[in-house]
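For the single chain, residues carry numbers from 1 onward in sequence order. Heavy atoms only: backbone and side chains are in, while hydrogens, waters and symmetry mates are out. Just follow the structure's listing: the first ligand is 1, and inside any ligand the first atom is 1.
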Amino acid sequence: MATPRQKLNTKEHKNKHKVSEAQIAVHWKEEGYYRPPKKFIAQANLADPTFVKKFSEKRFPECFDNYASLLDWDKPWRKTLDASNPPFWKWFVGGKLNVCYNCVDRNLAKYKNKAALIFVPEPEGEAMTVITYQELYKRVNEVAAMLRDFAALKTGDRVTIHMPMIPELPITMLACARLGVVHSVVFGGFSGEACGLRAADSGSRVLIYADGYHRNGKWVDHKASADIAVQTAKKEGQEVDRVLVWKRYPGKYTSESPMIMGRDYFVDDVLKDYRGQTVQPVSQDAEAPLFLMYTSGTTGKPKGCQHRTGGYLAYVTGTAKYYQDIHPEDVYWCMADIGWITGHSYIVYGPLALAATSVLYEGVPQFPDAGRPWRIAERLDVNIFHTSPTAIRMLRKAGADEPKKYNYHFKHMTTVGEPIEPDVWRWYYDVVGKREAVIVDTWWQTETGGFLCSTKPALDPMKPGSAGPPVLGIYPVIWDENGEEVPAGSNKAGNICIRNPWPGIMQTIWGDPQRFVTQYYKKYNKNPRSKDWRDWPYYAADGAVLPADGYYRILGRVDDVINVAGHRLGTKEVESACLTLPEVAEAAVVPAVDEVKGRVPVVYISLKPGVLPNKAVQDKVTVTIETIIGKIARPKNIHVVPDMPKTRSGKIMRRVLAAISNRMDTGDITTLANPDIVEQIRVLVQGRDIGPLQEGPEDIKRFGQEP
Ligand code: PRX
């Protein structure tokens, strides 16, 4: 499908890359295909192959009108795509709409008494809460009135929301969308400091919090982190003058953290003044920003991916309809957290725009035991299920036979966020799905808004371990470091890129358009002055391989980002956190393979002269990482080394450390300034015995490779 078009032929470029991606041959067993179940096909939203033809490349970009027409527009768009200022695309130009109206109001006519959200608390004895579309409408309006009149938020303002998985989170997001206020949801598990940095970057003067939540059988006092967030934002020059606090149990404040007079307000108190109020949805330009989602990149600072109103909602609605097969009568449960892009696109916006019932679960899947998800599915008659390989591995480990004990029936299951091993895929298919459910392995990113590769659930056979063909309207290509196409069937890996723009792609990086261009478009753009979108392929920073059948297999990140339990962690962010300790001279963070979480960070530090290695320093490193970033970044090991392996120009050779952490071949170390250190570190990490070397996965082989 992909045409060879791009060639980066500069000598400089070629010399910079000693090992080209394409030189890494990928050896893996071709898996057999699985056919979608007949019962599924009979009811699927996308069962007509002629619909697929509407998205052929020659119909680009108008093919995406098919998605936009799933929405209610206040004013129709004049032009599908304005690509005159690459790579700053404009979608559905001239169109106006409101996202909250599309996800809530328009469903009232037919579905007002149907459940929009079902909240499942982590404590199993606590009653579930059903919120109908009618009630959602009421609650969202009241919150919108409060945000507008009490918090003085206007269209275009940014607000940072640091909340756990409780229904007040989507309610607050939808209230923002109603007003055209740009929300920036920070994952509840991030620390107060991480939240404060993001609040400052986005210029939020209002923070929205919850007092606490249940997680893994414990009560988490969440409000305490609000004070740290406000202080951190202030240090960064951003004043936060209002902190609105939702109570997990209405009427009962469950945090130890004192409320600060004049700054902190309980939402349930303030809302009393707005009971029954309605707010006209603000008709937004299709290109107005809808939300920011911060994600890790190659530098220490997280970047705010800015998503647009019309294109984003059209894309997530279309992909949720055709790839998740959501019908209004379905009960859909995505176990992700709303604080990540998966939750935004495929718990809140896509499913609600399709009038589905979306289940929200507060806690961890295996609490109090590995049967919990299957009890929830049985009880609520969930028929579409969506989770990550890490959760699947965890549930299998904790109770491989559990699903068999429960009488639930999924028609459809999604996996997202990391490559799934064929073996894990088969357990998902055989045991969780009881061989009744179709599986889609969806590859995409925070930046891309929605899916990029996935099988069409009723039309394409599934192949374990492969994301599959590109989704409708997406035209990928794999290039090597020199811009040569890596052909299908070559068994070679390369960098996967998307040749065309699509409506779900982020608009820009908040406040840093130059970085947006550099990060995603510069690598394979051969003419920065070109006004032709064909010269601006999107660089995804993932390695991939394409067999002859056209099913993309994603190998993982090619940059400094590691994928921990399906969550992106910038190794530079973790290194910066380590370097805030006065004892630490140098830090390097590398990925290690983990049986459950996929990859986990391993930290190497060297200490300043005069500081002796001791356990207290290691503990301090862990605490510091958890304070600055959050528990998700907790390292598996911290190794205190006498020195780092370095090039003659003083660069830390992270690839050598990654090889040692994974018992892989350290490769050529003769060019190092201090080659002897490698054996010392190896003994420190692995002990004296030299065990057999591991082959190691592609992403770790590539990690820390020079440029
Ligand atoms: O490396 C890819 C991996 O997750 C990265 C994106 O992470 P994030 O922005 O947090 O979004 C996660 C949810 C979309 C990608 O660059 N990834 C995502 N989905 C898959 C995947 N790797 C393999 N297979 C997938 N299905």
Side-chain angles (χ1 to χ4, degrees), residues 28 185-187 189-190 292-298 302-305 307 315-316 319-320 323-324 334-347 350 386-392 413-422 424-425 428 439-455 462-471 474 476 493 495-498 504-506 509 519-520 538-545 551-570 573 591 597-599 632-633 697-700 702-703:
W28 59 293
V185 178
V186 175
F187 169 57
F190 275 129
L292 307 179
M293 167 67 61
Y294 281 83
T295 191
S296 297
T298 46
K303 45 188 191 246
C305 298
H307 283 282
Y315 197 69
V316 298
T319 48
Y323 286 90
Q324 305 251 268
C334 171
M335 283 208 315
D337 194 291
I338 293 176
W340 305 109
I341 192 72
T342 304
H344 276 49
S345 300
Y346 299 112
I347 296 179
H386 185 159
T387 194
S388 65
T390 289
I392 303 168
M413 304 193 301
T414 301
T415 160
V416 62
E418 341 150 43
I420 183 165
E421 302 80 351
V424 177
W425 190 98
Y428 197 34
I439 295 183
V440 291
D441 177 349
T442 56
W443 168 66
W444 58 297
Q445 308 175 310
T446 304
E447 292 86 342
T448 73
F451 305 147
L452 293 178
C453 281
S454 163
T455 46
M462 303 163 254
K463 188 163 87 170
S466 265
V471 300
I474 298 291
N495 297 319
I496 184 164
C497 299
I498 311 297
I505 180 68
M506 66 195 276
I509 292 176
Q519 181 96 30
Y520 304 108
Y538 170 80
Y539 170 68
D542 269 323
V545 63
Y551 274 43
Y552 288 88
R553 181 169 179 247
I554 307 299
L555 302 168
R557 304 288 306 189
V558 295
D559 54 10
D560 299 334
V561 171
I562 61 177
N563 193 329
V564 183
H567 300 316
R568 256 160 84 168
L569 189 66
E573 267 171 75
K597 293 183 177 171
R599 303 286 176 270
I632 52 162
E698 296 301 319
D699 58 317
I700 297 195
R702 277 192 312 261
F703 187 83

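A pairwise comparison of heavy atoms in Tyr520 and Met506 identifies CE1-SD, 4.0 Å as the closest pair. Closest of all the heavy-atom pairs between Ile562 and Pro591 is CG2-CB, 3.4 Å. Listed here is the closest heavy atom pair of Leu555 and Ala493: CD1-CB, 3.6 Å. Of all heavy-atom pairs spanning Thr442 and Thr414, the tightest one is OG1-CG2, 3.7 Å.
The closest protein non-hydrogen atom to atom 1 (O) of ligand 1 is Asp542 OD1, 2.7 Å. When only non-hydrogen protein atoms are considered, atom 19 (N) of ligand 1 lies nearest to Gly417 N, 3.1 Å. When only non-hydrogen protein atoms are considered, atom 10 (O) of ligand 1 lies nearest to Arg568 CD, 3.5 Å.
Using a 4.5 Å heavy-atom threshold, the side chains of Val185 and His344 count as touching.
Contact analysis leaves Ala467 out of contact with ligand 1, as no non-hydrogen atom separation drops below 4.0 angstrom.
Short contacts between ligand 1 and Ile554, defined as distances under 4.0 Å to a heavy atom of the residue, involve ligand atoms 22 (N), 23 (C). The atoms of ligand 1 that sit less than 4.0 Å from any heavy atom of Arg557 are 1 (O), 16 (O). With ligand atoms numbered from 1 in the order given, ligand 1 contributes 22 (N), 23 (C), 24 (N) to contacts under 4.0 Å with heavy atoms of Pro419. When each atom of ligand 1 is checked for a heavy atom of Thr446 under 4.0 Å away, the hits are 8 (P), 9 (O), 10 (O), 11 (O).
Under the side-chain contact (heavy atoms from CB on, under 4.5 Å) criterion, Ser388 pairs with Thr390, Ala391, Glu418, sequence neighbours left out.
Side-chain contact of Thr319 with Tyr346: a donor-acceptor pair under 3.5 Å is present, judged by distance alone.
A salt bridge is absent between Lys463 and Asp441; no separation between the charged side-chain nitrogens and carboxylate oxygens falls under 4.0 Å.
Geometrically, ligand 1 and Thr442 share a nitrogen or oxygen pair separated by less than 3.5 Å.
With a 4.0 Å heavy-atom cut-off, ligand 1 is reached by the side chain of Asn563 but not by its N, CA, C or O. With a heavy-atom cut-off of 4.0 Å, Thr342 touches ligand 1 through its side chain alone. When non-hydrogen atoms are compared, ligand 1 lies under 4.0 Å from neither the backbone nor the side chain of His567.
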